[in-house]
A.B. asks: 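First, the structure itself, so that you have it in front of you.
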Protein chains: 2
Amino acid sequence: MNIRHIAKQAGVSVATVSRVLNHPENVAPKTREKIEKIIAETEYTPNWFARGLNFNKTGTIGLMIPHILNSVHMEIAKGVEDVAHQKEYIALMCNVENDAAKEKRYLDQLIKRRVDGIIFICSSLEAEDFQLVQEQKIPVVLIGEHKNNPGLHMVSIDCQQASKKAIKHLLDSGHEKIAMLYGTDPRVENEYKIAGYKKALKEADLPFARDYLREVENSIEGGYLGAKKLAEMKEPPRAIFASSDYIAFGAMDAIRDKGLSIPEDMAVMGFDNVRMSNLVEPKLTTVEVPFHKMGVYGARLLFDIIEGEEEENAEPKTILLQSKLKIRKSSGHKERIGEMF
Amino acid sequence: MNIRHIAKQAGVSVATVSRVLNHPENVAPKTREKIEKIIAETEYTPNWFARGLNFNKTGTIGLMIPHILNSVHMEIAKGVEDVAHQKEYIALMCNVENDAAKEKRYLDQLIKRRVDGIIFICSSLEAEDFQLVQEQKIPVVLIGEHKNNPGLHMVSIDCQQASKKAIKHLLDSGHEKIAMLYGTDPRVENEYKIAGYKKALKEADLPFARDYLREVENSIEGGYLGAKKLAEMKEPPRAIFASSDYIAFGAMDAIRDKGLSIPEDMAVMGFDNVRMSNLVEPKLTTVEVPFHKMGVYGARLLFDIIEGEEEENAEPKTILLQSKLKIRKSSGHKERIGEMF
DNA sequence: GTGAAAGCGCTAACAA
DNA sequence: TTGTTAGCGCTTTCAC
């Protein structure tokens, strides 16, 4: 079933059928109606490829997701999908699994498929990989920091400041021996978080203890193992700051397994404010990150470029959104321990 | 940059270039090497649309996901993506949000884009909607039950039996007043779970109390609200069976908020065994469902059809995978309460 | 307002 | 082994 079938049935030329499909205003109402009727009856849909061959537009954007089992990334993805779907675009979600090689493979695919734009969530690609995309003139937006910002539009939060605020809160709550468990990913964000951690300690004139800073897998398991190690130290910390809520969940589990109580023996602070963070016991103090909003803003930015709202070679924009401390039980305020719990 | 550029540069015809792209064995090694070199240098990639126009194959499958923020669905999706990626296919993930209209819109898109196959996770489409797909000869696999199985390949678990086993366990643990909180979705699965619940009660000669069976939103919030209502009854149940872990999490929160303890005052049993279920306090007894495997099996089945391994009009297959009871603290064994906790 | 025909970039049948 | 060319289904320019 193709455009010629329709044309023949309607007794017109293919050009006319094509016109009612693309510029109906240029067709006499009568002929148009007749053709529209036949199109509806036969459930004819123009061939996607033939169309693409002419237009070179796909109505598709690519979306690189570090890991689709991580709810944090999916919240961003949801934000992107929300605006894409509203714009009648479809988002090709690529599950990158924090694997640069896999991300590269997917990138090649996306370029091959001539997507109209690409959004990278916490990309692990090299700056030079983005050149490829630039050469193809495919608009790109980064969500989450990139190691050496390759001059691209970006939306993120200020991780260093957020982390500093978090540590400050622990300090204000009377903790001094504060350890940090940071995940192997997202790498750049976590570096900023580490910087914030160090900075906060410094500003409080507290020494930075190398042993209190540990890299773990960004997962519940990673948090468990990391916290276990910390708890077994000769001089264990009295508070743990985790670079993600999942790490914090694992840490809490380990602390409990060690027979310690939270926050009395060891306080815990997370990062992300995932849905479960106020369902664990005790509820987790954490940093709320506007993931969905990040996705929405990122997508809007991308579509602005695609639709030409944004000038071709405009200075790359960086949108920084606000994070917010969510104070709950797990961080245990010194003066109020006993009163609150 | 197109095939003609390459041909000219290599001093050959487009056909030869096309050959090294598709049937390199039919090209003299020397010419082939020369052309390959030029292709590499110029980073030429054949136009996706022109290719599709000839092959009518896209290397793309569609994947309908009820809700991308639900980790359960994403685990299935991950299974699908794993095999798709390995087969060098790309999966177009559609976030359907349990909205039949949105699912229909996405379905139209997928058909338009000539995907090579579609996998539906817990679809809310009508049987007649699948006719569309059948007409287009697009292979389809269902993951999760469908209301009136429209004669399609399917992979699922036996929800009724799983639910029955779950209730049996609660009965064996000494509970008699057992309520059930079931989510509005996935609809068909939950009907089976309800049937299992009723059957187990019947076999134990216990009456079925209409007020103990409540429909709630399939979410933490839904579980909270539902359990709150149950706890406020004149004769509240002593155990709650939830159709999903998320509902169970909400229920646990509500029970705690009522000042009751789990499982002593009220036992809780979930369904799904999501990662967090052994991280809440107390750890949640639940039914382990092999989601990832479901995705893998579904995808394999789909590719068997796409690649013609499966006969065109073979009898639709139904693959039923095994679920398993995960007994943890929250369901509280009567005789062992006090000893265990 | 409509039709004829060129062309989008590629593949494959046929010819050489 | 390689080249010529028709054709995939559509859009659009140019005539009429």
Side-chain angles (χ1 to χ4, degrees), chain A residues 1-40 42-60 108-109 111-116 136-138, chain B residues 1-39 42-60 108-109 111-116 135-138:
Chain A
M1 176 64 57
N2 62 28
I3 200 171
R4 263 178 288 114
H5 290 83
I6 307 294
K8 190 182 292 178
Q9 252 185 278
V12 297
S13 75
V14 291
T16 308
V17 178
S18 175
R19 269 187 209 106
V20 347
L21 254 22
N22 300 294
H23 313 285
E25 66 281 6
N26 296 338
V27 180
K30 264 189 176 168
T31 18
R32 180 174 51 193
E33 274 160 34
K34 185 167 62 179
I35 295 172
E36 274 167 351
K37 190 155 156 269
I38 296 177
I39 289 178
T42 55
E43 292 184 347
Y44 161 74
T45 32
N47 182 295
W48 173 257
F49 298 110
R51 234 148 192 253
L53 198 49
N54 285 283
F55 289 140
N56 237 16
K57 279 277 165 199
T58 58
T60 311
D108 289 340
Q109 276 285 341
I111 293 176
K112 213 188 279 182
R113 284 161 196 252
R114 303 282 203 276
V115 294
D116 299 338
Q136 310 278 338
K137 304 255 178 225
I138 301 177
Chain B
M1 177 64 57
N2 61 29
I3 199 169
R4 262 177 289 114
H5 290 82
I6 307 293
K8 189 181 291 175
Q9 252 187 274
V12 297
S13 76
V14 293
T16 309
V17 178
S18 174
R19 270 186 209 106
V20 348
L21 254 21
N22 301 294
H23 313 285
E25 66 281 6
N26 296 338
V27 180
K30 266 189 175 168
T31 18
R32 180 173 53 192
E33 273 161 35
K34 184 168 62 181
I35 296 173
E36 274 167 351
K37 190 155 155 269
I38 296 178
I39 289 179
T42 55
E43 292 185 346
Y44 160 76
T45 33
N47 184 294
W48 173 256
F49 298 109
R51 253 164 168 238
L53 199 49
N54 285 284
F55 289 140
N56 235 17
K57 278 277 167 200
T58 58
T60 310
D108 288 341
Q109 276 284 343
I111 293 176
K112 214 188 280 183
R113 284 160 195 254
R114 303 284 201 275
V115 293
D116 299 338
E135 279 165 22
Q136 311 277 337
K137 303 255 178 225
I138 300 178

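Residue numbering restarts at 1 for every chain, and letters A, B, ... go by the order of the sequence lines.
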A.B. asks: Please list, one pair per line, the donor and acceptor atoms closer than 3.5 Å that link side chains of residues 23-34 of chain B to other protein atoms, with sequence neighbours excluded.
C.D. replies:
unit_1  : atom_1 : unit_2  : atom_2 : d
B:Thr31 : OG1    : B:Ala28 : O      : 2.9
B:Arg32 : NH1    : B:Pro24 : O      : 3.0
B:Lys34 : NZ     : B:Ala10 : O      : 3.4

A.B. asks: Spell out protein contact along nucleotides 10-16 of chain D as letters: B when the base is contacted, S when just the sugar-phosphate is, - when no protein heavy atom is under 4.0 Å; keep the 5' to 3' order.
C.D. replies: BBBB---
A.B. asks: Between the opening five pairs and the closing five pairs of the helix from C:dG1-D:dC16 to C:dA16-D:dT1, how far apart are the helix axes, to 10°?
C.D. replies: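 End axes: 40° apart.
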A.B. asks: Kindly write out the residues that satisfy side-chain contact (heavy atoms from CB on, under 4.5 Å) with A:Ala15, not counting sequence neighbours, or none if the list is empty.
C.D. replies: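 A:Ala15 satisfies side-chain contact (heavy atoms from CB on, under 4.5 Å) with A:Ser13, A:Arg19 once adjacent residues are dropped.
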A.B. asks: Residues two or more places apart in sequence or in another chain: which of them pass side-chain contact (heavy atoms from CB on, under 4.5 Å) with A:Lys8?
C.D. replies: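 With sequence neighbours excluded, A:Lys8 shows a side-chain contact (heavy atoms from CB on, under 4.5 Å) to no residue whatsoever.
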A.B. asks: Looking at side-chain heavy atoms only, is the closest gap between A:Arg113 and A:Thr58 below 4.5 Å?
C.D. replies: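 Not in contact.
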A.B. asks: First locate atom CD1 of B:Ile35, then atom CD1 of B:Ile3, and finally report the distance between them rounded to the nearest 0.5 Å.
C.D. replies: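 So the CD1 of B:Ile35 and the CD1 of B:Ile3 are separated by 9.0 Å.
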A.B. asks: Please enumerate all residues that pass side-chain contact (heavy atoms from CB on, under 4.5 Å) together with B:Lys37, with sequence neighbours excluded.
C.D. replies: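 For B:Lys37 the side-chain contact (heavy atoms from CB on, under 4.5 Å) partners, ignoring immediate neighbours, are B:Glu41.
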A.B. asks: Between B:Ile38 and B:Val17, is there a side-chain heavy-atom distance shorter than 4.5 Å?
C.D. replies: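 Of all side-chain heavy-atom pairs linking B:Ile38 with B:Val17, none is under 4.5 Å.
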A.B. asks: Using atom types as modelled and distance alone, determine if a side-chain donor or acceptor of A:Asn2 lies under 3.5 Å from a backbone N or O of A:His5.
C.D. replies: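 At least one qualifying donor-acceptor pair exists.
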A.B. asks: Identify the 5'-most and 3'-most nucleotides of DNA chain C with at least one atom closer than 4.0 Å to a non-hydrogen atom of chain A.
C.D. replies: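 Answer, 5' to 3': C:dG1 to C:dG9.
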A.B. asks: Using a 3.5 Å cut-off and no angle test, enumerate the donor-acceptor pairs between side-chain atoms of residues 44-52 of chain B and protein atoms at least two apart in sequence or in another chain.
C.D. replies:
unit_1  : atom_1 : unit_2  : atom_2 : d
B:Asn47 : OD1    : B:Phe49 : N      : 2.7
B:Asn47 : OD1    : B:Ala50 : N      : 3.0
B:Arg51 : NH2    : B:Asn22 : OD1    : 2.8

A.B. asks: What pairs with A:Asn54 under side-chain hydrogen bond (donor to acceptor under 3.5 Å, both in side chains), at least two apart in sequence or on another chain?
C.D. replies: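 With sequence neighbours excluded, A:Asn54 shows a side-chain hydrogen bond (donor to acceptor under 3.5 Å, both in side chains) to no residue whatsoever.
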